[in-house]
Amino acid sequence: MLARITPRPLSGSVPAIASKSMAHRMIIAAALSSGTTHVVCNTTCADIDATVRCLTALGARIARVDDGFEVHPVPKSVELGILKAFQGAELDAGESGSTLRFMLPVACALGAGATFVGAGRLGSRPLSPLTDELEAAGCDIEGDGLPLTARGRLRPGRFVLPGSVSSQFISGLLLAFPLLPGPSEIEVHGRIESRPYINLTVQALKAFGVDVAIERGVAADGIDEVTRFRAGGRPYRTPGEVTVEGDWSNAAFWLCAGALGSQPVTVRGVSLTSAQGDRNVLAALSRFGARTQRASDAATVQPDRLHAFSMSAQDIPDLVPVISAVASCCEGTTVIRDCARLRIKESDRLATTASELNALGAQVEIDRDSLVVHGVGRLAGGTVDAHNDHRIAMMAAVAAVRCDGPVEIRGAEAVAKSYPSFFDHYRALGGLVELSGE
């Protein structure tokens, strides 16, 4: 799909879509719980649908209802794991890294003997050392990339991971622990990447009656920081109904558009007390010089004179593309550090953020694991390639707010991965976009 955007400022308000990160966790917990759960979730997307598809293959019954999902759990027992009728299922994770990394430990804990398949770059995204720990705990993992088959049943015990790996490995193990016949522990060495996402997992588990004990200390060498997460020995218990909160990751695109435009933009339905790390978009935009307003369930950003600053992306990697778009229109040079993990997303986001913003007239350089963005005030416009990456497509659409000429986004259908209604909301804020098949 080709999106043709005629540049103009965006203004007004839009509702937040459901948090993709929390929806994965809530739906998985519901499908592994003690009874039926009503998950209030005002939107879905390709990644959430992938998780639903995998859980359905394991025997859960998940129905889409007006305001979310009605989830009937996977038939299982603590002693036997999954019922034999559902063993050997094929689980299609699509292009969702969260789905694969969460469902692999869960399938192992169930003894499902499942084969995972997927699409796009998913098969090339790393699963080690998670797979090493699963094998050490009694599972047999076959496959280099996808398809990948996991046989055997996970034993409770101690799992050791470096903090520099994906936080999804830690979350996947935590989601599996309540299925095991005894308590387990994850020992994480070093500073944890994307720590707020683990906080979301802990929050989701608590909603289903599972407490996670967290202990911080130092390793035996007295140098490395060590964090221990302990859970298990207590199964999931349904609360009857849970609500998926609004998504800060996608709200960030509209708030950045407010900083780049001439009128305020408001996103309704986001919580200022959320555990989502991407709510820090407001702090970043304030540092840039934009004016921010906070309400109990909404956030507003108004434009002002923008100036550069330096920041770390360690806990907010998903914000890097759109923050880079804002930085391109600032006075001065912005340095965004700690971007190594962006290389293993749906695209190499270090490369694609730089190349596609530069295609619009920006001046972005890659310096090892950092992006260096030289502010140019306004962009020229032009044609970009989304590289099958939803955040690159949405970044380009937001950058169009500050372009002098039209912007064309090839592969714009990538937004469906997390935000199928993105261009509808773009129009609702006054944007001029024409969509056509290629």
Side-chain angles (χ1 to χ4, degrees), residues 18-41 44 47-94 96 98-116 139 150 152-154 156 171-184 200-212 231-244:
S19 166
K20 178 167 72 80
S21 297
M22 188 55 91
H24 283 301
R25 291 158 170 82
M26 289 293 197
I27 294 171
I28 289 171
L32 302 174
S33 193
S34 57
T36 302
T37 307
H38 180 62
V39 180
V40 179
C41 182
T44 188
D47 278 9
I48 296 172
D49 293 343
T51 291
V52 169
R53 186 167 60 240
C54 289
L55 291 166
T56 300
L58 292 176
R61 290 185 294 119
I62 304 177
R64 193 80 172 100
V65 295
D66 288 344
D67 63 347
F69 299 90
E70 198 77 13
V71 182
H72 301 265
V74 172
K76 63 189 181 305
S77 72
V78 172
E79 295 78 15
L80 301 176
I82 197 171
L83 296 187
K84 288 185 178 180
F86 298 105
Q87 291 180 350
E90 181 177 278
L91 275 58
D92 182 1
S96 174
S98 296
T99 300
L100 176 59
R101 290 163 172 174
F102 293 169
M103 290 303 303
L104 177 58
V106 165
C108 288
L110 289 169
T115 296
F116 288 85
C139 295
R153 191 174 181 205
L154 196 66
S171 288
L173 287 169
L174 287 174
L175 289 166
F177 282 177
L179 302 172
L180 303 180
S184 293
L200 289 179
T201 306
V202 172
Q203 181 179 327
L205 288 168
K206 185 174 183 179
F208 284 83
V210 178
D211 292 324
V212 178
R234 174 178 293 182
Y236 288 101
R237 300 191 307 274
T238 180
E241 180 176 295
V242 290
T243 298
V244 177

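Side chains included, hydrogens not; waters and symmetry mates left out as well; all remaining heavy atoms used.
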State, yes or no, whether a side-chain contact exists between [X] and [Y] at a heavy-atom distance under 4.5 Å.
X      : Y      : value
Phe102 : Thr51  : no
Leu32  : Leu110 : yes
Asp47  : Ser98  : no
His24  : Ser171 : no

I'd like to know whether His72 forms a side-chain contact (heavy atoms from CB on, under 4.5 Å) with Ile62, so could you lay out the CA-CA distance, the side-chain angles of the two residues, the decisive distance to 0.1 Å, and finally the verdict. CA-CA 6 Å; His72 301 265; Ile62 304 177; over 6 Å; no
Over all heavy atoms of both residues, which pair between [X] and [Y] is shortest? Give the atoms and the distance, please.
X      : Y      : value
Pro178 : Leu174 : CD-O, 3.2 Å
Cys41  : Val244 : CB-CG2, 4.1 Å
Pro75  : Phe86  : CG-CE1, 3.4 Å
Pro156 : Gly182 : CB-O, 3.6 Å
Ala50  : Ala93  : CB-O, 3.5 Å
Gly172 : Pro105 : O-CB, 3.5 Å

Could you tell me whether a side-chain N or O of [X] sits under 3.5 Å from a main-chain N or O of [Y], the two making a donor and an acceptor?
X      : Y      : answer
Arg234 : Asp211 : no
Arg153 : Ala109 : yes
Ser34  : Thr238 : yes
Tyr236 : Leu175 : yes

Arg64 to Phe69 six-membered ring, cation-pi geometry met (6.0 Å, 45°): yes
Just do the side-chain contact (heavy atoms from CB on, under 4.5 Å) check on Leu58 and Lys76 with the steps written out, would you? CA-CA 10 Å; Leu58 292 176; Lys76 63 189 181 305; over 6 Å; no
If you measure from [atom1] on [X] to [atom2] on [Y], what distance do you get to the nearest 0.5 Å?
X      : Y      : atom1 : atom2 : answer
Leu173 : Ser184 : CG    : OG    : 9.0 Å
Thr36  : Arg61  : OG1   : CZ    : 7.0 Å
Thr99  : Ile28  : OG1   : CD1   : 7.0 Å
Thr243 : Asp67  : OG1   : CG    : 8.5 Å
Ser19  : Leu200 : OG    : CG    : 6.0 Å

Checking Arg25 against Thr201: is there a side-chain donor and acceptor pair closer than 3.5 Å? yes
Walk me through whether Phe177 and Leu205 qualify under side-chain contact (heavy atoms from CB on, under 4.5 Å). CA-CA 10 Å; Phe177 282 177; Leu205 288 168; over 6 Å; no
Run the side-chain contact (heavy atoms from CB on, under 4.5 Å) check on Thr37 and Met26 step by step: do they pass? CA-CA 10 Å; Thr37 307; Met26 289 293 197; over 6 Å; no
